[in-house]
Amino acid sequence: MRAYAYLFATLSALADRVRGEDPERGDVPGWVMITVMTAALVLAILIPFREAITEAVSNALTSVTGAGG
């Protein structure tokens, strides 16, 4: 009898997940859109300002480590 209860619970959970009624499922398309937009924003900033960013980071690291001249 216990095996039937486990089987019923498993099938019920699977059916809820397939129907999309699982409250733990989350908003996957929303997170995908946020991730893609963040990557596009990073590229939009990085491409035109690549040299300036590289120089600023190098200057900051040099000033912290004292390896400059």
Side-chain angles (χ1 to χ4, degrees):
M1 189 68 168
R2 184 177 286 190
Y4 290 119
Y6 286 132
L7 179 62
F8 179 75
T10 302
L11 290 177
S12 177
L14 180 63
D16 286 343
R17 183 171 282 282
V18 169
R19 282 194 301 259
E21 297 175 7
D22 186 8
E24 299 291 323
R25 188 168 174 132
D27 184 18
V28 174
W31 285 108
V32 170
M33 184 179 69
I34 289 171
T35 304
V36 169
M37 289 176 66
T38 302
L41 183 61
V42 168
L43 286 175
I45 292 170
L46 184 62
I47 290 172
F49 300 109
R50 186 170 158 185
E51 293 297 323
I53 292 171
T54 304
E55 185 178 336
V57 171
S58 295
N59 290 341
L61 290 174
T62 301
S63 70
V64 170
T65 59

Task: Verify same cluster id: I47, V42 (apolar side-chain graph, 4.5 Å) - done: no
Task: Set of side-chain contact (heavy atoms from CB on, under 4.5 Å) partners for L46, sequence neighbours left out - done: I53
Open item on the list: Testing the basics here: between T38 and I34, what is the closest heavy-atom pair and its distance to 0.1 Å?
Closed with: OG1-O, 2.7 Å
